[in-house]
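Here is the structure we will look at.
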Protein chains: 2
Amino acid sequence: MAEITIKYLAEKLNLAPSTVSRALNDSHEISSGTKEKVMALAKELNFQPNPYARSLREQKSKTIGVIIPERINNFFSQVIDGMEAVTKAHGYHLLVYNSNEDIEQEKTILSLLVGGRVDAIVMSISGQNQKGEHLKVLKNRAIPIVFFDRIPYDFPTTKLITNDYQAGYEGTVHLINKGCKKIIFLVLSKEVSIGKERMRGYLDALKSHNLPFDESWIVACGHSEIENIAHLEKVFYKIDRPDGVLASVEKLALATYRALAKTNIKMPEQVRMVSFSNMKIADLLCPPLSTISQPAIEIGVECANLLMKRLTKKGQPDLEDKIVTIPSVFTERESSR
Amino acid sequence: MAEITIKYLAEKLNLAPSTVSRALNDSHEISSGTKEKVMALAKELNFQPNPYARSLREQKSKTIGVIIPERINNFFSQVIDGMEAVTKAHGYHLLVYNSNEDIEQEKTILSLLVGGRVDAIVMSISGQNQKGEHLKVLKNRAIPIVFFDRIPYDFPTTKLITNDYQAGYEGTVHLINKGCKKIIFLVLSKEVSIGKERMRGYLDALKSHNLPFDESWIVACGHSEIENIAHLEKVFYKIDRPDGVLASVEKLALATYRALAKTNIKMPEQVRMVSFSNMKIADLLCPPLSTISQPAIEIGVECANLLMKRLTKKGQPDLEDKIVTIPSVFTERESSR
DNA sequence: TTGTACGCGTTATCAT
DNA sequence: ATGATAACGCGTACAA
């Protein structure tokens, strides 16, 4: 690890460590002469204060823990990019963990983090279960936490989501306007908050347009791509097959493309699709995919801003228990034309 | 930050802090009775040792710094996933930074890291300049570092890459076998190591098949998507336009799709393409893209293994100055059929 | 088997 | 304006 310390600089300069420390922190009670000398040597030797000694002393780590359910996903990458842009400016670091959609891993990661390793946490919880019981490790700790996208129901803190209900509603209406009568809804897990909200929008859209609805139109998928494709294939082989698809998650839209490729069903002629997705290349698919995309970078920026305000300013209150909604963007493409 | 400390546990149990410390570390010089008592209370209160106190004491952070030039990129996400899988098992944490393809940012991040914040670094350097002069902050430090994919030339340590030369050669031969006579090579920057190697393979393939070559067939692009598309459009508007494309980076293949969409040129009928890419949905593009994909997870795992061995075992020598090559995988699809 | 004392590198408090 | 000292929480050498 490090070699050059304040003590070392102090010896070299015949000063006390405390003086060097103050000089480095530009204290006003140090003569400009010594300040310059100290700064010069520090720069020459490329001195970096030991972050852990400092953390121990100041009781803060200048580090934010980020927990996401999946790393190979543009949405989460963009969110983290957004966060990093603002935390970097405040001298904060990002410890990033992938929970792999696994509650047990989330629990393990959380217990690792509450020991003081991070000053705050940003998290999108796994799709397995949204009850948030596994979050109770946090209950008695004072550590600020912000949830985004996939949020727990009963955890009192600030959460950031997109207007999932409205987007689900409008996506469905779009399909209805294109003539779809039997629109299915693809969801990863009925437990997940965003799935539920998007589904609510979907259901309300059907109802307000007096379309029939059958319980079987809600297609619950899993995390296995192969099983999802097989499952969807069956859905499309039914005599009374759907003519519209609203996918609540990008990977299910992709599974639909692959399932359709195994049939003779044409998109958009025989079935139209709209999907929640942050893919950059939706326009390059066959056919180009109509998307509802989330302002991911903005979400990341907003999460970080909330935390930076809470952490760097004095006398800040705890994070409010509220849900902040950021609008998503609908883009019509061939898949639903 | 944390509240429950060893001292606190010691008071509760009427023991000395050192005893508690030893019990928690399962020292053999502690009676099983006290051990159990200590463990029980620690578990009950969900005690987590303060990582920074420990780091300060032990002079190691159990943290690896990861620097990538781009976060919204499957390849890098996969590499990090691979790394995390092994570091997690060793109790190590990952501090991830995006240099945004910017040398200055790389420099800043590096100087942040050498202060002892991390025990080792894994890095893929930005495309701006591969000379690696900005890496000299590391020279006098003993910190182990591993480079992957985009590596510097003259930095003595272990580097991991894929068989870029061979893959470039074979991709080109594939296009030649399909009948292409005028194959252009798209590269982000002629400075980048991987670009150079892939280009070398491309050039050698042309030569060994006695195909003509023109300097203008090497198309150097930039980081601006819009400019790249405009540039490529011009390339395809030439009378003597290319009938084959080897893209050394995924984003340039995508730019090619978009450029072609603005013309009437058909792929693969009039121009065929092969690209280096780790996209999961290459099969869903119009037309599906022939890819040379890198074993990203394996690369991450390998990087981490190297470092874990170096860091967790005693008396390990410094990282060898060598280049490890892992083969990439070619998949033929419609774009080059 | 357990307790005491010290130091990791930093900064804040109290002296000078 | 500068120096001495203590403390953050942990682990270990030494003492008992």
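Chain letters run A, B, ... following the sequence lines, proteins first and then strands; every chain starts at 1.
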Look at the side chain of [X] and decide which nucleotide, out of [options], has an atom nearest to it.
{"X": "B:A16", "options": "C:dT2, D:dT12, C:dG3", "answer": "C:dG3"}
{"X": "A:L15", "options": "D:dT12, D:dG3, D:dC8", "answer": "D:dG3"}
{"X": "A:T19", "options": "D:dG3, C:dT10, D:dC10", "answer": "D:dG3"}

Atom [atom1] of [X] to atom [atom2] of [N]: distance rounded to whole Å?
{"X": "B:N14", "N": "C:dT4", "atom1": "CG", "atom2": "C1'", "answer": "16 Å"}
{"X": "B:H28", "N": "C:dT2", "atom1": "NE2", "atom2": "P", "answer": "13 Å"}
{"X": "A:L56", "N": "C:dC6", "atom1": "CG", "atom2": "P", "answer": "19 Å"}
{"X": "B:I4", "N": "D:dC10", "atom1": "CD1", "atom2": "C1'", "answer": "16 Å"}
{"X": "B:K62", "N": "C:dC8", "atom1": "NZ", "atom2": "P", "answer": "22 Å"}
{"X": "A:E29", "N": "D:dA4", "atom1": "CD", "atom2": "P", "answer": "16 Å"}
{"X": "A:Y52", "N": "D:dC10", "atom1": "OH", "atom2": "C1'", "answer": "15 Å"}
{"X": "A:R54", "N": "C:dC8", "atom1": "CZ", "atom2": "P", "answer": "18 Å"}

Within the structure, does a side-chain N or O atom of [X] lie under 4.0 Å from either OP1 or OP2 of [N]?
{"X": "A:S55", "N": "D:dC8", "answer": "no"}
{"X": "A:K7", "N": "C:dC8", "answer": "yes"}
{"X": "A:S18", "N": "D:dA4", "answer": "no"}
{"X": "A:Q48", "N": "C:dG9", "answer": "no"}
{"X": "B:T5", "N": "D:dG9", "answer": "no"}
{"X": "B:N25", "N": "D:dG11", "answer": "yes"}

Query - Heavy-atom pair of closest approach, residues B:P295 and B:I326 - result: CG-CG2, 3.3 Å

Requested in this report: Please tell me if the side chains of A:D119 and A:I143 come closer than 4.5 Å, counting only heavy atoms from C-beta onward.
Outcome: no

Report task. Look at all strands and tell whether A:S31 reaches a base, only sugar-phosphate, or nothing, counting heavy atoms closer than 4.0 Å. Result -> sugar-phosphate

Requested in this report: Let me see the working for A:Q78 and A:D81 under side chain to side chain donor-acceptor pair (under 3.5 Å), right down to the final yes or no.
Outcome: CA-CA 5 Å; A:Q78 286 177 273; A:D81 262 357; over 6 Å; no

Report summary line: Which of A:L311, A:L160, A:V301 passes side-chain contact (heavy atoms from CB on, under 4.5 Å) with A:L306? It is A:L160

Query raised in the report: Pick from B:T19, B:T34, B:V38: which one makes a side-chain contact (heavy atoms from CB on, under 4.5 Å) with B:L13?
Result: B:V38

Query raised in the report: Is there a donor on the side chain of B:R57 or the base of C:dG9 sitting less than 3.5 Å from an acceptor on the other?
Result: no

**Report entry** Parallel, tilted or perpendicular: rings of B:F148 and B:F75 (30°, 60°)
**Finding:** tilted

Query raised in the report: For DNA chain C, whose closest nucleotide is more 5', that of B:V20 or that of A:P51?
Result: B:V20

Requested in this report: Report the residue (A:R22 or A:A53) whose heavy-atom-nearest nucleotide on DNA chain D is the more 5′ of the two.
Outcome: A:R22

